Amino acid sequence: MTQRVYYGTVCEGAGTFGIVFLDFLGCISAGDTFEEVIAMGHEALQGHIEAMVADGDSILEPTEVTLERTIAELDDPADPVEDEQWIAVVPILVNVPDELETVPVPIETSLIEQISKITNDNRKFIDEAIRRSLEEQRKSA
């Protein structure tokens, strides 16, 4: 387990706060106060990273985040949101699980071809099948 600091950008508007992470654009959160949005942002980012690792995605190193970069990347002049503005960049310390260790396992090519016809994530499909089989074996033991 490694600890890393990623930066979230906080916006304020209409009595609420939001936080976004430019390094993880799908990860956002909100809160009623500045303190709450930081706590909710930490929880959202930690969960997002854990889900990425479980899916076998690589976790990139943090990048430099500024209010100017956030405005340049996220503000859409054609869609202004009234009374909303970026107010702070905050550090969020998270635990980054070590990436999953894998081992090469020989599998018949025809099986991989069949799996590929029904999913675009062969590794996840195989992992889930093995977990189900293990659980069935435990229950019958």
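Both backbone and side-chain heavy atoms feed into the values below; hydrogens, waters and symmetry mates do not. Predicted model, so just to flag it, every value in this text is computed and none were measured.
To the nearest 0.5 angstrom, Ile112 atom CD1 is 13.0 Å from Lys117 atom NZ. Atom OG1 in Thr33 sits 10.5 Å away from atom CD in Glu12 (nearest 0.5 Å). The CG atom of Leu67 sits 6.5 Å away from atom OG1 of Thr9, with the distance rounded to the nearest 0.5 Å. Separating the CD1 atom in Ile19 from the CD atom in Glu36 is a distance of 12.0 Å, to the nearest 0.5 Å.
Taking 4.5 Å as the limit, some side-chain heavy atom of Val20 sits within range of a side-chain heavy atom of Leu74. Contact annotation: the side chain of Phe24 approaches that of Ile59 to within less than 4.5 Å [non-hydrogen atoms, C-beta and beyond]. Annotation: side chain of Val94 is not in contact with side chain of Gln3 (no heavy-atom distance under 4.5 Å). Between Asp55 and Met52 the shortest side-chain heavy-atom distance does not fall below 4.5 Å.
Scored by the ring pair (Phe, Tyr, Trp, His ring centres under 6.0 Å) test, Phe17 finds no partners at all (sequence neighbours excluded). Residues meeting the side chain to side chain donor-acceptor pair (under 3.5 Å) test with Glu61, sequence neighbours left out: Arg4.
Panel note: side chain Asp23, backbone Thr63; a donor-acceptor pair is recorded below 3.5 Å. For Thr70 (side chain) and Thr66 (main-chain N/O), a donor-acceptor pair under 3.5 Å exists by modelled atom type.
Aromatic rings of Phe21 and Tyr7 (six-membered ring for Trp) have centroids beyond the 6.0 Å cut-off, not under it.
Among all heavy-atom pairs drawn from Thr119 and Asp121, the shortest one is OG1-N, 3.2 Å. Considering every non-hydrogen atom in both Pro97 and Glu50, the closest pair reads CG-CG, 4.1 Å.
With hydrogens and angles left out, the side-chain atoms of Asn122 and Ser116 include a donor and acceptor closer than 3.5 Å.
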From CA spacing to verdict: salt bridge (charged side-chain N to carboxylate O under 4.0 Å, His left out), Arg138, Glu135: CA-CA 5 Å; Arg138 282 189 201 107; Glu135 186 60 30; 3.4 Å; yes
